Structure formats: structure tokens, C-alpha cells
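Written below as C-alpha cells is the structure these notes are about.
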Amino acid sequence: MHQGKRAVVIGGSMGGLLAARALADHYEEVTVLERDHFPAVGEHRKGVPQGRHAHGLLAQGRAVLEEFFPGLTRDLVAQGAKEGDIVEGARWYQNGGFHAQFPSGLMGLLLSRPLLEGYVRGRVLALPGVRALTGVSVRGLLGGGGHVTGVRLDDEGLSDLRADLVVDASGRGSQAPKWLEALGYERPAEELVRIDLAYATRVYRRRPQDLGGNDAFVIGSNAPEARGGVVLGMEGDRWVVTLAGFLGDHPPTDEAGFLEFARSLPVPDVYELVKDAEPLSGIVPYKFPGSQRRRYERLARFPEGFLVTGDALCSFNPVFGQGMTVAAAEAKALARCLEAGTKNLARRFFREAAALVDSPWSIAVGADLRYPQVRGPRGPVVSFVNWYVARLHVAARRDRALVLAFQKVANLMAPPPSLLAPKLALRVLWGNLKPHGAAARPPGPRQAPTA
Ligand SMILES: Cc1cc2nc3c(=O)[nH]c(=O)nc-3n(C[C@H](O)[C@H](O)[C@H](O)COP(=O)(O)OP(=O)(O)OC[C@H]3O[C@@H](n4cnc5c(N)ncnc54)[C@H](O)[C@@H]3O)c2cc1C
């Protein structure tokens, strides 16, 4: 049953496309407004600069996408994406050692961000009633009497667009707080946990002998070490190699500096790969000031007919690879909310979205707070959890049950408190009493610079 005639989505990236997918079942017309012109599938575009960097799709994200677009995995594998077990096929270095590898049943999909987004875009725009207007910038909201009634466009030749529902998916730089203020509402409270992170990324040709046949290699967030890296397989027999540095210890973008940074990582595998693999791109930088969350659910007054989703709502430290999965979960929440009608839609949606964001936010921010230089709410619970998780990683070098439990949380398939279950806590304890595999290199030589 249709809830209205027209819904408008601001932004045609993953958050906007997934929201459009949910809206298509409930509105006669769904119009996606995107500032960029869409390129061919698999090509980068200006509005998604992060698409040039390692972009992992978590197991939960893949499952939701498959639900929204049946056959997605099959189609993308046919285009060169690789479906694989994220525990068996990925070498994961954390807190001085490697996690055990074994078939876990947690399936991920390795592919480039432009291929994933281009595919999803094709499926969404093929839905009845869905269209995209590209090269169009939204400049504000139309509204009055407690309702948003459309969007203001200032591009020549395009008049304002009326809509029964407007969904803002314009990303981290969303102007929604300002637009709401212009309509007489308060701005949402904003939380920012500064980590001064930077990525430097290069694409290489993949050779069969690389990384011992694994499809991915991850040096996780390893505070107090400031440096990390990730290598992910992509379509076209390519690797995307992203080096990451926290708290101002940024990876250089010149050839020699990039190699030297790779060499300084706590384990040699990434350096061994990049030192003689064939580069297929230049080295591209990305700066990420910190995780940012806007608390729309806490506003006392909010107009009907307007929602915010994706990175515009919450943008996470990207090393945890959560953004697209959370955007997909929010789109599912939107679909659920619309099934119950549009009465109090904003209040219901923001409440559900806040609950969805809580876990990934606590994972990302909780881990960032292990750096003493990061400012944020650091209560005894956060300190205990970080102490405990560090020990869990040590025990996970041998204990499959702990690897599985950790990966379920990291893949947003289980809530973080599940790691504290008594039977897992005993395994953590036991795993730290027994002598464990030696660290590849004692952690600590590259600590984050003090502020
Ligand atoms: C460096 C980096 C690495 C990441 N790695 C991962 C990863 O490994 N896994 C993962 O799941 N997530 C990752 N993410 C997060 C992921 O990219 C986002 O969560 C995802 O793209 C969803 O964001 P979005 O669609 O809400 O916003 P965005 O992707 O930022 O898209 C916003 C869109 O809105 C358009 N737009 C903006 N303003 C306007 C306007 N006024 N009018 C019209 N259009 C407008 C833009 O052109 C753009 O297309 C990463 C992010 C970064 C920064």
C-alpha cells in the first residue's frame, strides 16, 4: 500500500540508494537527487572519494543487500567479485598476533566500492517508479506547519521539488542541521570523537603467491600502535592496499614514503606484497578527522516528512568497515517503519536508527578510546572492555570460538556484550594462562604521537 505519492532522496550513494530501495515499496514515485553525474559501473566519482580506498562489506551488510536485491552475490561474482569465508580467507593481525583461521560460515564479498555501488544503483533505478536526477544540488528544505514539503534546488532550469517525504542521505557533510534551523527547529546535538586518521591507498596487480593465498590481510586497530593497514582482493585480479595512521602519524603519498610506512608496520606481510607488486594506480590520500554522530532522536521537536540516514546520521572510524552495513540496516528499519504507516514516522525511525547505531558506535569509539590522546567519555566500563578485548585477541590466536564470537560482533551480527558471556570469559582467561604464540614483533615500537 502506498504511503504517499512522491518521496525524494538527497544523495545517490550507498545510503541514498538503499533508502530509495526501501521507499520504492511505499511511494508511487521515488526521486534520487545527486550532485554528481553517475559514471559507468565500476568507475569512481567525485562525490564518493572514499570509494578509492579499501571498502570491505561486512557479512551482515552482504546479507541485507542480498535480501534487498536477490541474486546480488551471484551477479557480482560473475563480474569478478570474490565470495569467501571472512575467517578462513583473511589473515587478521591484532594485539601482537594472528587470529586462528578456519571455515566459519561467515561469508563476505570482496570487490571494489565502485562496482558495488554501480551494481546497486542499476538495480534501484530499474525499480518501477524510481528515477534519478543527476547534476542536481539540494540547497534547503521547503516546509511549514510542522511538515517538510519538499526540497529547494537552485540549479538553473530546475524548480523546487515537492514531496510527501524527504530523506537526507547526503553524507557526513549533510547540511540538514542548517536546513532545519532555517525552518525554525533546533540543530541536533553532535558528537565528534577526534582521531586525526589518514589513509593512503594504491591498487596493485594480484599474483597467485601473494599473502600465502589469502584473499585479505588486516592489521586491525592496535592501540597504542598508530599504524595499520589492510589489503583486500578486488575484481580484475587486483589488490587494494590501504595504509592507515592515527593521531597525525599519516602515511605518505610518495612512493618511497609509502613503502617505508608499509615496512614499519608490526608485521612484514603488507610490505612484502607492495615492494615488488605491479602498481595499477597512483597513491591516493584521505583524511578522516573523527567519528561523528548527530542525535536527531533526542530533539524535542522535529518536522514530519523528513528523515536523515547513512553517514549524515553517523559516520564511523572507517577502519571497522561499518558504514555501508549500517546504511543497509537503516534502510531495513525505514521499510519496517513505513509498513506501520507514516504517523510519527520521524520519531519512530530515529529511535530505531539510534538503536542500530549504538553497537557499531561503541565498537569504533570504544576502540579509539584506547589511545590516551583521544578525548571522549572514558568510564570504567570502556576501560574494562578494552582491557578484556585485548586479552580476547591473545586467546583468539588459538581459540576458534573466540575468533568466531569476535567476528560476529565485528560483522554486526551480534551485539558487543555477547563477548562478555561467562563461557567466553572463561576461554579468555584460560587462553591467557597458557603460553600463547609469540608476537610477530612486540607491539609498541610505533606508538601514536602524544598530543
Ligand atoms: C576512507 C573511508 C573508508 C571507508 N571504508 C568503508 C568500508 O570498508 N566498509 C564500509 O561499509 N564503509 C566504509 N566507509 C563508509 C562508507 O563509505 C559510507 O558509510 C557509505 O558510503 C554510505 O554513506 P552515504 O551514502 O550515507 O554518504 P556518502 O557515501 O558520503 O554519499 C553522499 C552522496 O550525497 C551526494 N550529495 C552530497 N550533498 C548533496 C546535495 N546537497 N545534493 C545532492 N547530492 C548531494 C554526494 O555526491 C554523494 O553521492 C568508508 C568511509 C571512508 C571515509
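Note that this is a predicted model, so its numbers are computed, not measured. Each ligand, and each atom within it, is numbered from 1 in the order the structure gives.
Of all atoms in ligand 1, numbered sequentially from 1 with element shown, those under 4.0 Å from a heavy atom of M14 are 25 (O). Close contacts between ligand 1 and Y199 involve ligand atoms 1 (C), 3 (C) [criterion: under 4.0 Å to a heavy atom]. Which parts of ligand 1 touch L33 is read off a 4.0 Å heavy-atom cut-off, strictly below it: atoms 43 (C), 44 (N). Each of the atoms 27 (O), 30 (O), 32 (C) of ligand 1 lies under 4.0 Å from some heavy atom of G171. Here is the list of ligand 1 atoms found below 4.0 Å of a heavy atom in A54: 5 (N), 8 (O). Of all atoms in ligand 1, listed by their number and element, those nearer than 4.0 Å to a heavy atom of R113 are 16 (C), 17 (O), 20 (C), 21 (O), 29 (O). Of all the atoms in ligand 1, the ones that sit under 4.0 Å from a non-hydrogen atom of G310 are 26 (O). Counting atoms of ligand 1 from 1 in the listed order, those under 4.0 Å from a heavy atom of S137 are 42 (N).
Any N or O atom pair closer than 3.5 Å counts here, and G321 shares at least one such pair with ligand 1. Note: no N/O pair closer than 3.5 Å links I10 and ligand 1 by distance alone. An N or O contact shorter than 3.5 Å links G56 to ligand 1 by distance. Polar contact check, R35 against ligand 1: a nitrogen or oxygen pair lies under 3.5 Å apart. Note: an N/O pair closer than 3.5 Å links M324 and ligand 1 by distance alone. In terms of polar-atom proximity, defined here as any N/O pair under 3.5 Å, E34 does make such a contact with ligand 1. For ligand 1, the polar-atom distance check finds no N/O of D36 at less than 3.5 Å from any of the ligand's N/O atoms. For H55, a nitrogen or oxygen atom sits less than 3.5 Å from a nitrogen or oxygen atom of ligand 1, counting backbone and side chain alike. Between D311 and ligand 1, at least one pair of N/O atoms sits closer than 3.5 Å. At least one N or O atom of G15 sits closer than 3.5 Å to an N or O atom of ligand 1.
The side chain of R45, and not its backbone, has at least one atom closer than 4.0 Å to an atom of ligand 1 (non-hydrogen atoms only; side chain from C-beta on). Residue contacts with ligand 1, taken as heavy atom pairs separated by less than 4.0 Å, involve A169 solely via the backbone atoms N, CA, C and O. Residue-level proximity to ligand 1 for V136 is carried by the backbone, the only part with a heavy atom below 4.0 angstrom.
Using a 4.0 Å cut-off between charged nitrogen and carboxylate oxygen, R206 and D215 count as a salt-bridge pair.
Relative orientation of the Y185 and F302 rings is tilted, given thresholds of 30° and 60° on the angle between their planes.
Relative to the ring axis of F350, R298 does not place its NZ or CZ within 45° and under 6.0 Å from the centre.
Counting only non-hydrogen atoms, the option in R52, K46, Q50 that gets closest to atom 52 (C) of ligand 1 is Q50.
Within 6.0 Å of atom CZ in R295, more than 12 heavy atoms from other residues, nucleotides or ligands are found, so the atom counts as buried in its surroundings.
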In sequence, state the C-alpha distance, the side-chain angles, and the governing distance for E352 and R336, and then conclude on salt bridge (charged side-chain N to carboxylate O under 4.0 Å, His left out).
CA-CA 10 Å; E352 276 214 36; R336 270 195 307 275; 2.7 Å; yes
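Here the straight-line distance linking atom CG of L153 with atom CG of L133 works out to 8.0 Å at 0.5 Å rounding.
The six-membered or imidazole ring of H99 lies near that of F406, with a centre-to-centre distance under 6.0 Å.
Judged purely by distance below 3.5 Å, without hydrogens or angles, the side chains of Y27 and D164 never pair a donor atom with an acceptor atom. Looking only at atom types and distance, the side chain of R113 has a donor-acceptor partner in the side chain of S13 under 3.5 Å away.
With a 4.5 Å cut-off on side-chain heavy atoms, V136 and R35 do not count as touching.
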